[in-house]
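Step one of this worksheet: look at the structure below.
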There are 2 protein chains.
Amino acid sequence: MVKKKETDAGTEQKILAAAKKVFVKKGMDGARMQDIADEAGINKALLHYYFRNKEKLFEQIFAESAGRFIPKVKAILIADTGFYEKIESFCGEYIDMVMQNPYLPMFVMNELQKQPAAMIKKIFKGSLPDLSKFIGQMQEEIKAGRIKPIHPAHLIMNMMSMCIFPFIGRPMLSAVMGISDTQFMTAMEERKKAVPKFIFDAIRK
Amino acid sequence: MVKKKETDAGTEQKILAAAKKVFVKKGMDGARMQDIADEAGINKALLHYYFRNKEKLFEQIFAESAGRFIPKVKAILIADTGFYEKIESFCGEYIDMVMQNPYLPMFVMNELQKQPAAMIKKIFKGSLPDLSKFIGQMQEEIKAGRIKPIHPAHLIMNMMSMCIFPFIGRPMLSAVMGISDTQFMTAMEERKKAVPKFIFDAIRK
DNA sequence: GTCTATAACTCGATAGAC
DNA sequence: GTCTATCGAGTTATAGAC
């Protein structure tokens, strides 16, 4: 009995891990149930035993992936820390997380663009991240004359762009700038500090 | 005879336009020959009459799309203009072009991530954009003490990120910041000036 | 729970009439 | 050059034995 339960959980986890790997790399359309079965070391029939069909399996993976990728914004921006600390921790933690899952941004953004409304709903389940606190802090800084007036939307876009895009544009950037995988990762490590510094330099009076 | 030629050209152009629309939106894997035929107002057989197979048709579209999207870097960065002008024209022209083809960045980056080596080859055909002039100008500015010391790779990444990413992350950004399509486009229009300003503020001493 | 075998279906591609 | 009809490969999904 114990053995049975262990096997169940083990197989299901193996499937989820395999499915994540394959879906994230190839996308919903490009992924094959056979690939996932192979990766998990089982056969196709067993996939359908655990998850009725491809779509159900995909949704599980997507929800988990996007749920890890997107709402992180929430946690950081809503935290009880100062304006500068928020920017620093956002850049540091985001880049860190993506370095461990380099294909995640492309995967999530791509599927999101194909089915915007449906996917957004699944991710946020009605509770969008509340930016008002962060924006409020920004406006205070502006009022106090410590930073230049800048529209919050642009600052947020700039920050997210500089953290996420390098991973999406990696093949192009690597080719254009002629850098190796190791050099790329080194550069990303640098960016955990370089991006917030760039932002502060841009906005500080 | 005139009529025949007109019909040929007309159909081929209709197919290419339809294929671009479908491929760019759904990607190589997600696109269906039937979708393209429908979009072009013809049937599948005729697609294969004009383009032997799906791959040939895709390559034509991809080459044209990426060829428009990527080498623009080249032209601007190699131009005979000053350091600041280059940054301004890059941001302005790039954002402008992408506003007219909002799905292009996602499409190109996505296919590029699936087949990096092969696709890079197709796009650049051996002549990568030469960044040395731009980098040289940047180093002069640093030496002259007009801008802060910053690694060229990071500056280039920042610039491209802030120009391109908003279009890739559009569904997420729109949702998170609660903005409409119109507001999004207005914001992008603003960015043609706001991004270079942000960059100058960040690097200028 | 897990497997083999196969049904059911999707989709790219071709044959052949007009 | 354009169409209808259909084939055949590749995939998802199910049946049924163990």
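Reckoned from all heavy atoms, side chains included, excluding hydrogens, waters and symmetry mates. Residue numbers start from 1 in every chain, and the chains themselves are labelled A, B, ... in the order their sequence lines are given, proteins ahead of strands.
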*Near DNA chain D, under 4.0 Å by heavy atom, which residues of residues 16-37 of chain A?*
A/A31, A/R32, A/M33

*For DNA chain D, find the residues of residues 53-66 of chain A with a heavy-atom distance under 4.0 Å and give them by number; none if there aren't any.*
A/N53, A/K54

*asked:* Going by the rule salt bridge (Lys or Arg N to Asp or Glu O under 4.0 Å), which residues pair with B/D201 if we only count those two or more places apart in sequence or in a different chain?
replied: A/K148, B/K197

Which donor-acceptor pairs under 3.5 Å do the side chains of residues 103-115 of chain A make with protein atoms, sequence neighbours left out?
residue	atom	partner	partner atom	Å
A/E111	OE2	A/M28	N	3.1
A/Q113	NE2	B/F167	O	3.4
A/K114	NZ	A/D29	OD2	3.3

Over how many whole Å does the gap from [X] atom [atom1] to [N] atom [atom2] extend?
{"X": "A/E12", "N": "C/dG1", "atom1": "CD", "atom2": "C1'", "value": "12 Å"}
{"X": "A/K44", "N": "D/dT11", "atom1": "NZ", "atom2": "P", "value": "9 Å"}
{"X": "A/D38", "N": "C/dT2", "atom1": "CG", "atom2": "C1'", "value": "16 Å"}
{"X": "B/L47", "N": "C/dA15", "atom1": "CG", "atom2": "P", "value": "17 Å"}

Is the shortest side-chain N/O distance from [X] to OP1 or OP2 of [N] below 4.0 Å?
{"X": "B/H48", "N": "C/dA13", "value": "yes"}
{"X": "B/N43", "N": "D/dT2", "value": "no"}
{"X": "A/T11", "N": "C/dT2", "value": "yes"}

*Before accepting this row, confirm whether a basic side-chain N of the pair B/D38/B/K44 lies closer than 4.0 Å to the acidic partner's carboxylate O.*
no

*B/D80 with B/K133: basic N within carboxylate O range, under 4.0 Å*: yes

_Under the side chain to side chain contact (heavy atoms under 4.5 Å, CB included) test, residues paired with B/S132 that sit two or more places apart_ = B/D130

Minimum-distance nucleotide to [X] side chain [options: [options]]:
{"X": "B/Y49", "options": "D/dG1, D/dT14, D/dT12", "answer": "D/dG1"}
{"X": "B/L46", "options": "D/dT2, D/dT14, C/dT14", "answer": "D/dT2"}
{"X": "B/I42", "options": "D/dC3, D/dT14, C/dG12", "answer": "D/dC3"}

*asked:* Filter on side chain to side chain donor-acceptor pair (under 3.5 Å), then keep only pairs touching residues 149-158 of chain B, sequence neighbours left out; what's left?
replied: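 Non-adjacent pairs meeting side chain to side chain donor-acceptor pair (under 3.5 Å): A/E190-B/H154, A/R191-B/H154, A/R191-B/N158.
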
*asked:* How long is the straight-line distance from CD1 of A/I142 back to CD1 of A/I203, given to the nearest 0.5 Å?
replied: 8.5 Å

_Distance, nearest 0.5 Å, that separates CD1 of A/I95 from CD of A/Q100_ = 12.5 Å

*Is there a donor-acceptor pair under 3.5 Å between the side chain of A/K86 and the backbone N or O of A/I78?*
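No: the side chain of A/K86 does not pair with the backbone of A/I78.
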
